[in-house]
Number of protein chains: 2
Amino acid sequence: MLSTRQLFILQVIIDEFIQTAQPIGSRAISKKDEVSFSPATIRNEMADLESLGFLEKTHSSSGRVPSEKGYRYYVDHLLMPIDLSPRDEQTISGVFNQGMVEFEQVIQNSVNVLSDLTNYTSIILGPEVYATTLKQIQIIHLSKTTAVAILVTNTGHVEHRSFTIPKEINPLDLEKLVNILNERLIGVPIIQLPNRLQMELTSIIDHYVKDVATAFKYLKGALLDQQPNNIYVGGITNMLLQPEFSDVAKIHSLYSVIEQEETMASILRSQDQGIHISIGQENKVTEMQDCSLITATYTLKGQQIGTIALLGPKRMEYSRVISLLERLSNDMTKTFKNW
Amino acid sequence: MLSTRQLFILQVIIDEFIQTAQPIGSRAISKKDEVSFSPATIRNEMADLESLGFLEKTHSSSGRVPSEKGYRYYVDHLLMPIDLSPRDEQTISGVFNQGMVEFEQVIQNSVNVLSDLTNYTSIILGPEVYATTLKQIQIIHLSKTTAVAILVTNTGHVEHRSFTIPKEINPLDLEKLVNILNERLIGVPIIQLPNRLQMELTSIIDHYVKDVATAFKYLKGALLDQQPNNIYVGGITNMLLQPEFSDVAKIHSLYSVIEQEETMASILRSQDQGIHISIGQENKVTEMQDCSLITATYTLKGQQIGTIALLGPKRMEYSRVISLLERLSNDMTKTFKNW
DNA sequence: GTTAGCACTCAACTCTTTCGAGTGCTAATA
DNA sequence: TATTAGCACTCGAAAGAGTTGAGTGCTAAC
């Protein structure tokens with residue numbers, strides 16, 4: 001439907017705008033070496049592209065700026081997959097070659113490398129705890145009345161929580177209880193733990209523990225009360241470098257959304273497998289409607305367990321960012337596969 | 001040296017400026033109910049206060065603004081200790097009455113409540129790990145080749161790290177090794193662990209482990225490589241609400257300092273016992289020289305183990321903030337005492 | 001179909017004016 | 001002698017006018 005010349009001009013404008021953040025005029029385009037048409041011709045094409053909704057003007061005599069529809073078209077049809085630059089390549093390899101063996105470490109490093117390379121804000125949703133299974137429960141006594149409960153999952157994730165041992169519970173009973181639970185619950189998906197805990201405790205009530213309700217309450221509280229916090233954010237201050245965020249009020253509203261871990265988690269959790277791009281208004285959260293969010297998922301045993309994302313202005317370096325995310329999600333998936 | 005009227009006027013100006021962030025003129029002061037002098041009189045006093053260095057003008061015909069020397073004098077001589085408002089009182093009690101039993105939880109909640117109540121940025125330096133002692137080392141095998149090492153301190157702090165079990169080390173040997181280490185190292189201050197680890201390993205080299213160097217390297221790596229990260233920050237976005245930080249460049253430079261955990265840790269670590277106030281240029285870090293930093297320390301068994309701090313503009317609500325910090329550090333100290 | 005030419009638009013910048021909240025100084029007052 | 005009224009003065013902030021320049025759309029010629 002669009003002529004090749006129109007496509008070409010659209011591409012040039014978007015590419016240019018991504019670099020400069022300035023409206024692009026017909027003369028500037030015509031001066032480019034690859035371009036042989038006169039400014040007037042380009043103006044005509046631009047007028048058409050504008051009436052089709054791909055371009056916008058900031059005021060009646062300004063140069064053109066891509067509209068969200070323009071970005072969407074660009075992303076869907078014009079994007080050339082590019083190879084990572086040697087520098088990007090090297091930086092990422094460097095991170096993944098240092099033999100990390102812990103989920104959190106891998107994620108933390110990934111967040112950092114992503115935001116450093118792109119100057120955008122990177123957000124990673126860590127593996128959902130409920131996709132993992134219990135490896136072991138441990139109770140370590142700190143004093144007569146306090147103890148730490150430690151829960152280790154098959155992915156090496158460690159949850160821990162201190163608690164006061166209630167007077168009603170005999171420490172020896174507690175220990176026995178934990179031993180039994182370990183025997184019976186290893187391999188159980190974390191998400192099923194509360195139910196299974198209830199079942200097991202009920203079944204052994206008479207033998208070991210006098211007051212199952214209390215014991216359950218405390219164990220559950222100690223191990224499962226707070227859903228762990230698995231959002232990692234890097235490079236928040238990078239947003240301040242973008243000219244579209246020179247307004248303090250804008251930054252403030254954006255930051256307050258990023259700070260809400262539940263909101264971010266639910267956004268990242270609802271992403272489909274693979275790369276996904278939300279541009280401006282396509283984002284449901286109003287505060288993010290000046291931004292683009294690019295997400296990629298990573299997997300363990302074929303199952304999607306988390307999401308990595310980049311949040312930046314709408315004029316993102318889409319192709320580079322996509323390559324980076326693809327590479328990183330692959331590397332993460334690969335790293336986790338070996339475990 | 002200053003007349004009581006001068007003191008009074010200084011106090012009124014600073015109090016007012018703290019509220020409004022606007023230069024204060026003579027007429028505005030004279031209009032106050034508590035004030036019976038004419039604007040002219042006040043102007044004379046203000047001129048004197050300015051030549052003494054306690055006040056400044058933003059331009060030659062502007063109202064007066066406190067200088068850093070003025071704030072310093074105010075803080076040292078004019079500050080009235082005020083009781084916490086019922087609301088503040090209640091909020092803090094609410095946090096500490098919910099029976100928290102874990103260091104991190106206490107600190108996280110404190111950071112949040114501080115920044116919420118004040119609208120400043122709050123920073124807490126958690127208990128130094130090296131001030132604590134080893135309670136237990138645990139190794140939990142995840143698979144044939146991977147394991148999590150867990151280190152629990154007497155304060156309930158849990159450090160953990162996954163690692164690949166090197167081929168050179170027999171899993172059974174590893175277990176024996178850990179048992180022996182537990183027997184010998186419980187109660188050892190964490191800071192001495194690397195040395196003691198070396199010693200113990202050397203002494204038992206022939207009996208259990210073939211290659212002590214390797215075992216040491218891995219254990220040390222697993223347990224002690226990365227100093228844990230014990231800076232907690234809350235309410236960073238609050239800074240955006242202060243009129244003195246309406247400039248993006250300023251915010252950016254401030255944020256990048258706050259992000260540097262080592263810098264912040266070393267600032268907080270070097271604070272003396274009790275409440276301490278650094279105003280503007282008194283801060284060593286240039287990026288913080290538009291701010292005031294108020295710190296308070298908290299203790300465990302009489303020993304100072306951490307610092308809580310508030311970072312805000314120089315025109316802080318000093319008396320309220322001091323009361324809050326005093327109350328909070330007391331509550332923290334009290335909470336930790338019971339453990 | 002393309003392009004040169006031209007009138008037109010509008011943000012950004014500069015310059016000027018006006019306004020008012022503030023000052024310092026002097027002379028009158030209690 | 002300390003206080004105050006009065007007044008000339010200062011300067012930032014806001015509002016308005018003029019200029020510039022990068023851009024446009026449209027028309028007519030190539």
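Within every chain, numbering begins at 1; the chains are lettered A, B, ... in the order of the sequence lines, protein sequences first and strands thereafter. These figures come from a predicted structure and were not determined experimentally. Below, all heavy atoms of this structure are taken into account, side chains as well, without hydrogens, waters or symmetry copies.
- With D:dT4, D:dA22, D:dT10 as the candidates, the nucleotide lying closest to the side chain of A:Ser61 is D:dA22.
- For the pair B:Glu16 CD and C:dG22 P, the computed distance is 11 Å after rounding to whole Å.
- With distances taken from any side-chain atom of A:Arg43 to the nucleotides D:dG6, C:dG5, D:dG12, the minimum falls on C:dG5.
- A salt bridge does not link B:Glu244 to B:Lys314: none of the charged nitrogens lies less than 4.0 Å from a carboxylate oxygen.
- Between the side chain of B:Asp88 and the main chain of B:Leu117, no donor-acceptor pair closer than 3.5 Å is present.
- Between D:dG12, C:dT3, D:dT3, one nucleotide has an atom nearer to the side chain of B:Thr41 than all others, and that is D:dT3.
- Per the geometry, CD1 belonging to B:Ile24 stands 13 Å off C1' belonging to C:dA21, to the nearest Å.
- Residue B:Thr58 is the one, among A:Ala47 and B:Thr58, whose nearest nucleotide of DNA chain D lies closer to the 5' end (criterion: closest heavy atom).
- Distance A:Ile13 CD1 to D:dT24 C1': 13 Å, rounded to the nearest Å.
- Residue B:Arg27 places none of its side-chain N or O atoms closer than 4.0 Å to OP1 or OP2 of C:dG20.
- No more than 12 heavy atoms of other residues, nucleotides or ligands shown are found within 6.0 angstrom of CG on A:Asp83.
- Put simply, CZ on A:Arg5 is 8 Å from C1' on C:dG1, counting in whole angstrom units.
- Taking atom CE of residue B:Met46 and atom P of nucleotide C:dC25, one finds them 13 Å apart after rounding to whole Å.
- Of the charged side-chain nitrogens involved, at least one lies within less than 4.0 Å of a carboxylate oxygen, so that B:Glu45 and B:Arg5 count as a salt-bridged pair.
- C:dG1 atom C1' lies 10 Å from atom CD of A:Glu45, rounded to whole Å.
- Using a 4.0 Å cut-off, some side-chain N or O of B:Arg64 falls inside it from OP1 or OP2 of C:dT23.
- For C:dC10, the OP1/OP2 oxygens have a side-chain nitrogen or oxygen of A:Ser60 closer than 4.0 Å.
- A salt bridge links A:Glu282 to A:Arg72: at least one charged side-chain nitrogen sits closer than 4.0 Å to a carboxylate oxygen.
- Side-chain nitrogen and oxygen atoms of B:Ser62 include none within less than 4.0 Å of the OP1 or OP2 phosphate oxygen of C:dG22.
- Between A:Ser38 and the phosphate of C:dT2, there is no side-chain N or O to OP1/OP2 separation shorter than 4.0 Å.
- Regarding contacts with the backbone of C:dG24, a side-chain N or O of B:Lys57 is found under 4.0 angstrom from either OP1 or OP2.
- One can place CD of A:Glu50 at 11 Å from C1' of D:dG25, the figure rounded to the nearest angstrom.
- Rounded to whole angstrom, the span from the CD atom of A:Gln22 across to the C1' atom of C:dA12 amounts to 12 Å.
- Nearest to the side-chain atoms of B:Ala40 among the listed nucleotides D:dT4, C:dA11, D:dT24 stands D:dT4.
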